[in-house]
Amino acid sequence: MTRYSAEQQEEMYVSGIQMFVNGHLNLITGQQKAFEGLFFNWHAIGWRRNKKTIMFKLNLKIALRNLWKNRGYTLINVLGLTIGMASCILIFIFIRFQLSFDKGYKNSDQIYRVVSQWRYNSFEDYSSGVPIPVSATVRNEFAGVEKVAAIVKNGGVMTVKDAQGKQTIKTDRTYFCAEPSFFEIFDIPWLSGDHGRGLAEPNTVVLSESTAKEFFGSAENAVGKSFLLGTKTNLKVIGVFKDMPENSSFPLKIVLSYQNFWAKEDKSWDSVSSGIQCYAQLKDGLKEADVQATLKKFNKTYLESRKLEGNQTVDLQPLDDIHFDQRYGSFADTSITLKEVYGLGIIGLFLMITACINFINLATAQAINRSKEVGVRKVMGSKRKQLVVQFLTETFAITLMALLLACMIAELVIPSMENLYKPGVDFSLFGHPMIFAFMFGLVLFVGFLAGLYPAMVMSGFNPALAIKNKATVNAGNFSLRKVLVVVQFTITIILIIGTLVIIEQMSYVRQKPLGFNTEAIVMINAPADSLNKMKREGFKQRVLKIPGVKQLSYCIRQPLSNDMNTTNFSLDGVRNKDFEVRLSPVDRNYFDVFNLKIIAGKLYAESDTINGFIVNETFLKSVHLSDPQLAIGKIVEEDNKKAPIVGVVKDFNDRSLKEKISPMLMFSREEQYYRAAIKIDNKQIIPAMKEIEALWNSTFPTAVYYSAFVNEDIKNYYETERIMGVLFKVFAGVIIFISFIGLFGLISFVATQRTKEVAIRKVLGASTLELVKMLNGSFLFMVFLANLVAWPLAYLLVSKWLSGFAYRIEISIWPFLFAMVISMLITLVTVSVRSYKAAVANTIDALKYE
């Protein structure tokens with residue numbers, strides 16, 4: 001008997017296979033000869049096309065044919081990638097918008113805001129405002145500063161008349177008083193008139209383009225025209241600037257001369273308001289670090305030497321940080337933390353990774369079905385590199401199709417994003433080149449990440465085994481797929497837990513008793529000029545006669561408000577150095593309107609000036625008084641005004657639930673009543689509001705009516721959390737859906753790999769239920785493992801998020817258990833459907849080739 005070496009056996013085996021292939025595929029027919037003749041004829045006539053171009057077209061054509069042949073597989077892959085890519089595009093558009101805030105100014109890296117800081121014994125405080133003398137002092141004595149500008153936020157009634165003197169517009173608007181150098185520091189484009197230099201003169205004003213059109217019809221017509229501020233100040237328009245973009249911390253529409261700021265000559269260094277800000281531009285080449293020594297000297301000379309309360313100092317804040325530093329805020333009130341921005345970016349990355357894992361699972365599930373194709377190609381001379389290129393071409397074709405669909409979905413969803421965040425925000429998909437660069441990078445990232453591994457697997461099949469449909473994927477690769485499933489479901493479970501905790505916390509925020517009544521109370525503005533003050537009592541008496549109106553109180557603000565006014569104080573002659581107290585001027589009716597409970601003492605007498613203080617429980621705790629009765633009669637002095645404590649009010653939340661309750665002084669001071677709180681019967685709100693507005697307009701004809709319900713206003717304090725909750729719910733749903741598809745792909749792969757095993761078990765008597773349990777077991781274990789990995793990670797993340805609330809829920813086990821039940825249930829349903837199909841398949845079809 002003749003013996004052959006291993007090499008000879010392999011050579012004979014491959015030769016036999018080649019003959020088998022040649023015989024069954026008719027590769028030596030006339031069609032092949034015609035093709036070869038045409039091929040050589042192309043060379044003979046000098047075919048000039050690039051070989052790589054021809055190969056690319058050929059690969060693309062084969063890829064499209066394969067994708068069409070496996071339409072179901074293509075549809076699932078395209079769907080998963082489309083949803084993932086659309087989500088990523090939307091997240092990127094939002095992140096790009098946030099990161100673009102305050103960009104584009106000529107010297108933006110040299111522009112700084114001067115801010116204030118306090119460091120008491122027990123807490124720190126921050127403000128975007130500075131004392132009024134700071135601007136002039138920095139300009140004259142701060143070395144290294146090239147330009148300085150003060151800008152002040154204010155508001156008032158503006159009246160515009162036409163050429164005949166007829167009133168055309170009467171509106172209450174926010175305006176700013178700015179020094180001319182503000183427009184030198186910020187190179188804002190101008191459309192007509194003076195570039196802000198004329199603001200050195202009093203009673204001059206510059207308008208934004210949209211405001212100029214609203215007031216005077218066009219930017220050109222506005223220059224030289226005048227309008228009235230209040231009842232006495234006539235303002236002349238000297239210029240019109242281009243509308244500020246939405247991604248700006250400066251919502252400038254009306255800018256007056258700084259000379260019109262009533263307190264411009266104030267010399268107080270311990271009076272700070274967030275509406276009074278100062279901006280500085282450093283000299284060329286200087287950075288913040290270069291002027292720290294000068295800043296320290298400045299603080300020592302002008303602030304520390306005065307021994308101001310709370311160790312007050314000023315600091316420099318880079319322009320790029322304003323939008324992202326919630327300690328200080330901005331004029332636009334649109335701050336967001338970088339933590340939140342990067343968190344959304346990580347969610348987008350997780351979404352794309354999950355979609356790629358889904359693609360890999362589906363691609364490897366199809367790998368065995370295409371093994372014969374790979375074997376034939378290798379026998380015909382294809383190299384592994386060529387096969388990798390072919391399979392990557394298919395992946396990129398799917399990715400491009402998914403991108404086109406993702407762009408369509410993104411365009412449809414963008415209006416919802418605008419409504420979700422802020423009306424007028426530019427979320428244009430095709431408005432910024434950076435978005436196109438991102439989409440190009442996204443295609444490359446997804447194409448290689450999702451396509452390379454399946455391409456390497458399929459191109460690595462042994463040709464002899466592949467042609468006989470005996471190619472297998474080794475255990476190591478299968479273990480990698482298990483890891484991918486665990487990662488995929490870990491991400492899914494973390495998002496489910498995070499979503500449930502956010503929903504529960506926001507429900508807690510909405511339902512937690514705040515310590516005061518919020519239902520059916522409307523806040524309206526109360527004109528504070530001397531003439532209108534005289535009309536307040538008459539207005540109140542007439543309002544109380546309106547059907548449905550229960551009570552009216554004049555005050556400075558509603559109980560929960562971020563409009564802070566704090567100060568230092570002395571208690572029985574001892575100066576407090578540990579904290580500042582919040583001031584709240586309100587009349588006696590305030591306690592009845594908001595249902596605030598007096599737990600000790602009594603209400604103060606109504607008066608134009610302070611005759612007694614009411615403090616809250618937090619104030620007592622802060623000054624170490626355990627019994628409310630002990631506080632009655634103690635003398636409090638603030639701003640050179642002394643009065644006894646006459647009552648103690650039960651604590652109520654005076655700020656959002658992110659903050660602790662402030663120590664508070666409540667007192668009567670009529671000159672600071674800028675609002676009126678009106679309590680209305682729930683059943684008569686609409687008719688009562690109409691009568692209140694009509695009465696207000698007839699009583700205060702020189703002012704503009706404004707109203708807002710307390711409960712609606714409180715909801716705005718949690719707008720960012722509401723948006724994050726919506727995003728988490730949406731993205732958690734997206735990832736669950738993609739994971740569903742990924743599981744379906746993987747069970748398809750396993751069912752294909754174990755077809756013969758299932759058939760043999762059926763022949764040996766295994767029931768359908770036993771076979772389904774066998775196929776389901778490993779998947780349920782992987783999802784269970786994903787829960788074990790996800791739980792500690794999710795706990796850390798939700799704990800970090802909840803730490804931003806002074807009042808928050810306790811993290812319970814229920815969100816974690818619910819996430820486990822949901823993930824296991826989805827797995828069970830998804831896998832069982834495919835397992836059942838494999839278990840009831842015809843055993844003969846699986847075994848007839850053995």
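The figures that follow rest on heavy atoms only: side chains count, while hydrogens, waters and symmetry mates do not.
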[X] and [Y]: side-chain donor and acceptor closer than 3.5 Å?
X	Y	result
Asn568	Glu638	no
Asn532	Asp529	yes
Asp162	Thr168	no
Tyr120	Glu580	yes
Thr566	Arg582	no
Gln277	Ser128	yes
Asn311	Thr313	no
Tyr328	Gln117	yes

- Message: Would you say the rings of Phe250 and Phe176 are close, in the sense that their centroids are separated by under 6.0 Å?
- Response: no
For the residue pair [X] and [Y], establish whether any side-chain heavy-atom pair is separated by less than 4.5 Å.
X	Y	value
Val314	Leu303	yes
Val636	Ser570	no
His323	Ile336	yes

Rounded distance [0.5 Å steps], [atom1] in [X] versus [atom2] in [Y]:
X	Y	atom1	atom2	value
Arg588	Ile614	CZ	CD1	8.5 Å
Arg536	Thr699	CZ	OG1	13.0 Å
Thr171	Ile254	OG1	CD1	7.5 Å
Ile632	Asp627	CD1	CG	9.5 Å
Phe652	Asn595	CZ	CG	12.0 Å
Thr211	Met158	OG1	CE	9.0 Å

- Task: Could you label the plane-to-plane angle of the Phe227 and Phe215 rings as parallel, tilted or perpendicular, counting under 30° as parallel and over 60° as perpendicular?
- Result: perpendicular
- Task: Kindly write out the residues that satisfy side-chain contact (heavy atoms from CB on, under 4.5 Å) with Asn576, not counting sequence neighbours, or none if the list is empty.
- Result: Phe569, Asp578, Phe579
Above 12 or not: heavy atoms from other molecules or residues under 6.0 Å from [atom1] of [X]?
X	atom1	result
Lys161	NZ	no
Lys715	NZ	no
Lys213	NZ	no
Lys658	NZ	yes
Leu531	CG	yes

- Where do Ser268 and Asp270 land on the side-chain hydrogen bond (donor to acceptor under 3.5 Å, both in side chains) test, with the steps shown first? CA-CA 6 Å; Ser268 173; Asp270 60 353; 2.7 Å; yes
- List the steps and the verdict of side-chain hydrogen bond (donor to acceptor under 3.5 Å, both in side chains) for Lys512 and Asn653. CA-CA 10 Å; Lys512 181 188 181 297; Asn653 290 99; 3.2 Å; yes
- Task: Check step by step if salt bridge (charged side-chain N to carboxylate O under 4.0 Å, His left out) holds for Glu691 and Lys545.
- Result: CA-CA 10 Å; Glu691 290 194 48; Lys545 295 178 182 179; over 6 Å; no
- Message: Keeping Ser257 on the side-chain end and Leu199 on the backbone end, is there a donor-acceptor pair under 3.5 Å?
- Response: yes
Looking at [Y] and [X], is there a salt bridge between them, counting it only when a charged N and a carboxylate O are closer than 4.0 Å?
X	Y	result
Lys242	Glu209	no
Lys641	Glu637	no
Arg327	Asp325	yes

Side-chain polar contacts of residues 517-525 - donor-acceptor pairs under 3.5 angstrom, sequence neighbours left out - could you list them?
{"unit_1": "Asn517", "atom_1": "OD1", "unit_2": "Glu519", "atom_2": "N", "d": "3.3"}
{"unit_1": "Asn525", "atom_1": "OD1", "unit_2": "Tyr706", "atom_2": "N", "d": "2.9"}
{"unit_1": "Asn525", "atom_1": "ND2", "unit_2": "Val704", "atom_2": "O", "d": "2.8"}

- Message: By the ring pair (Phe, Tyr, Trp, His ring centres under 6.0 Å) test, which pairs, at least two apart or in different chains, include something from residues 653-675?
- Response: Phe613-Phe667
